[in-house]
There are 2 protein chains.
Amino acid sequence: MKLTRISAIRRKELRQAAFAVLQSEGVAGATLEKVAAAAGASKGIVLHYFRNKQELFEHAMREANAVLRDTVIARLKQAKTPMQRIDAVIDGNFEPHLFQPSVCHAWLSLCAEVPRDKKLERIQTVIHARMRSNLMSGLRDLAPLQQAEEIALVVTALIDGFWLRLGLGPDSISREQAISEVKAVVTAKLMAATQASKGRPGP
Amino acid sequence: MKLTRISAIRRKELRQAAFAVLQSEGVAGATLEKVAAAAGASKGIVLHYFRNKQELFEHAMREANAVLRDTVIARLKQAKTPMQRIDAVIDGNFEPHLFQPSVCHAWLSLCAEVPRDKKLERIQTVIHARMRSNLMSGLRDLAPLQQAEEIALVVTALIDGFWLRLGLGPDSISREQAISEVKAVVTAKLMAATQASKGRPGP
DNA sequence: CTATAAATTGTCCCATGGGTCAATTCTTGA
DNA sequence: TCAAGAATTGACCCATGGGACAATTTATAG
């Protein structure tokens, strides 16, 4: 039966088209017709494969999430040491094809709708849980549990922050700088965790 | 002439109503009628005071920005030492009345539109520039310029990241934890800047 | 080859929402 | 007190967009 084949292909095309439209138009300007046009199809076909607009964009987010997940997984497979696992997560989140202003725009738009869409919220939760878990797989061996979790939290927030920055200002942060800053924070916190506390420096 | 008075009052009410609607409805669901309803007025009055929808939300963002700015400024006035200036910025950005899920939702929605609205982009640029400048006013005395700028960048990204987190999951991060994590990063980086480099720890 | 089912299209419907405008109510200054 | 002008309203217009659907084309299986 080719049925499953064609429908799977078409659905994927439409998910990607939806994400592409999100990149250029944002959530407010993303219409079914634009998605159809982006996919080279008619509006009818979009609603043939997806119950409604909401479902379409939920799948668009799933698709984007899958890309991000696979990118990081690929790097994790190469990693041998705990530190390399951490670097894999960081580097993966800033891969050139992901860390693009337009991609950040799309994510921003999706995130902005999270509070009003249970499905989107779920996906977002998964993303953060996975990122934390991936980081912990390396951090566990480099710091006590409590510290490791703290570092994981900070790193995820930092990554989100840099993504937001790139979305808000295309030239505000470079991929290389973002990576180096995140890694520097990891290093600094690991060092701080390693040595005895001396109180805060400065006057 | 009361003209200026009434119109100023009304405009402020509408700006705030617009921001309130953004909190609950997001950018996609924010309509002029809802803003009017939130302000206890008719749709006509909204367009009487603002040329169009876009202008209204630009002013809503300005209003929110002003609140944020004044909150931080108030704390900066109390600060005596450089470290207190840094803490003022951090604490100010996490004040209870600002660091609320609904407020984060509204900001997220606004940020999501930044790429498609020059005025919003401008405001966003101002916000980041101010935050950086405020941080630098304290950091300048605690670390060499280069390091200080690096820390400012990381802190702004971290703050953004935590705001995003709160917007995405109302219970994902507490105000106290966010503050303590950001300050810990500042401390760790200042310590790292202070002492000689020893290479990255770990295997 | 043909019947069945899926793919695809274009049309239609209608609710929504931005924006205009004339009409009405309120203020205010003389 | 009363006119001028501002504040405010509600009705109206119309473009847009989500969604339903019947009609048509295309693929597939027997």
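Below, chains carry the letters A, B, ... as their sequence lines are ordered, and counting in each starts from 1.
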(request) Assign a letter to each nucleotide of nucleotides 8-17 of chain D from its 5' end: B, base within under 4.0 Å of a protein heavy atom; S, sugar-phosphate only; -, no contact. (result) BBB------S
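In this structure, CG of A:L47 is placed 13 Å from P of C:dT9, rounded to the nearest angstrom. The CD atom of A:E13 sits 13 Å away from the C1' atom of C:dT8 (whole-angstrom rounding). If you take CG of B:N52 and P of C:dG19, they are 5 Å apart, rounded to a whole angstrom. Spacing between atom CZ of A:F50 and atom P of D:dG18 amounts to 15 Å, rounded to whole angstrom units. Computed from coordinates, the B:E55 CD to C:dG19 C1' distance equals 14 Å when rounded to whole Å. Rounded to whole angstrom, the span from the CZ atom of B:R51 across to the C1' atom of C:dG18 amounts to 16 Å.
Every residue was checked against the side-chain hydrogen bond (donor to acceptor under 3.5 Å, both in side chains) condition with A:Q84, not counting sequence neighbours, and none meets it. Every side-chain hydrogen bond (donor to acceptor under 3.5 Å, both in side chains) that A:T156 has, sequence neighbours left out, goes to B:R165.
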Atom pairs, N/O to N/O, protein against nucleotides 24-26 of chain D, distance under 3.5 Å?
none

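Enclosure of atom NZ in A:K53 by more than 12 non-hydrogen atoms of other residues, nucleotides or ligands within 6.0 angstrom is indicated. The neighbour count for A:E176 CD, taken as heavy atoms of other residues, nucleotides or ligands under 6.0 Å away, is above 12.
You'll find the side chain of A:I179 stays beyond 4.5 Å of the side chain of A:F162, heavy atoms only. Using a 4.5 Å cut-off on side-chain heavy atoms (C-beta onward), A:L153 and A:R132 make no contact. Considering only heavy atoms from C-beta on, B:L145 comes within 4.5 Å of B:M136 through its side chain.
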Identify all side-chain donor-acceptor contacts of residues 22-30 of chain A below 3.5 Å with residues at least two apart in sequence or on another chain.
unit_1	atom_1	unit_2	atom_2	d
A:Q23	OE1	A:S102	OG	2.9
A:S24	OG	A:V21	O	3.3
A:E25	OE1	A:K34	NZ	3.4

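The shortest heavy-atom contact between B:F50 and B:R11 is CZ-O, 3.7 Å. The two residues A:F57 and A:A18 make their nearest non-hydrogen contact at CE2-O, 3.8 Å.
Of the residues in residues 107-122 of chain B, none lies under 4.0 Å from DNA chain C by heavy-atom distance.
Of the listed residues (B:Q100, B:R175, B:R75), just one forms a side-chain hydrogen bond (donor to acceptor under 3.5 Å, both in side chains) with B:E95, and that residue is B:R75.
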